[in-house]
Amino acid sequence: MAKSTAEYYRNNEPARKKRIKQQSAYQKTAKGKAIKNNANKLNRKLGTYGNGDGLDAAHYKGSTTKGRLQKASENRKSRKKNRSKLHIT
């Protein structure tokens, strides 16, 4: 079974440094800022921002302003499910 991405970066110092540098640069772009701002707005709107309840604001497909509360682990799994559908066989 393949290792998780987190395990890979935890065990691979040069790759982790490269990834952190890339992520830092991306977060400074207009697109990165817009994604972060929309996520924070929805979290605040749903009342889950910074309260440590383990819930995320899960956006409805195609929307940046509407969503629902969802366990953080489930919200992240949904991206993996969608990504697996994109593979061409």
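A distance of 11.5 Å separates NZ in K66 from CG in L42, rounded to the nearest 0.5 Å. If you take NZ on K18 and OH on Y9, they are separated by 8.5 Å, rounding to the nearest 0.5 Å. A distance of 9.0 Å separates CG in D56 from CG in L69, rounded to the nearest 0.5 Å.
The heavy-atom pair separating A57 from L46 by the smallest distance is CB-CD1, 3.7 Å. Heavy-atom minimum distance, P14 versus N12: CD-OD1, 3.3 Å.
Residue-environment remark: OH (Y49) stays at or below the threshold of 12 foreign heavy atoms within 6.0 Å.
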For the pair Y26 and I35, evaluate side-chain contact (heavy atoms from CB on, under 4.5 Å) and give the outcome as yes or no after the intermediate values. CA-CA 11 Å; Y26 179 77; I35 289 170; 3.4 Å; yes

>> Is there a side-chain contact (heavy atoms from CB on, under 4.5 Å) between E7 and R10? Walk through the geometry before answering.
In response: CA-CA 5 Å; E7 282 183 75; R10 198 177 305 123; 3.7 Å; yes

Original post:
Run the side-chain contact (heavy atoms from CB on, under 4.5 Å) check on K33 and Q27 step by step: do they pass?
Top reply: CA-CA 6 Å; K33 287 179 183 178; Q27 290 295 337; over 6 Å; no

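Looking at T48 and N43, their side chains never bring a donor and an acceptor atom within 3.5 Å of each other.
K71 is listed as a side-chain neighbour of L55, based on a closest heavy-atom distance under 4.5 Å.
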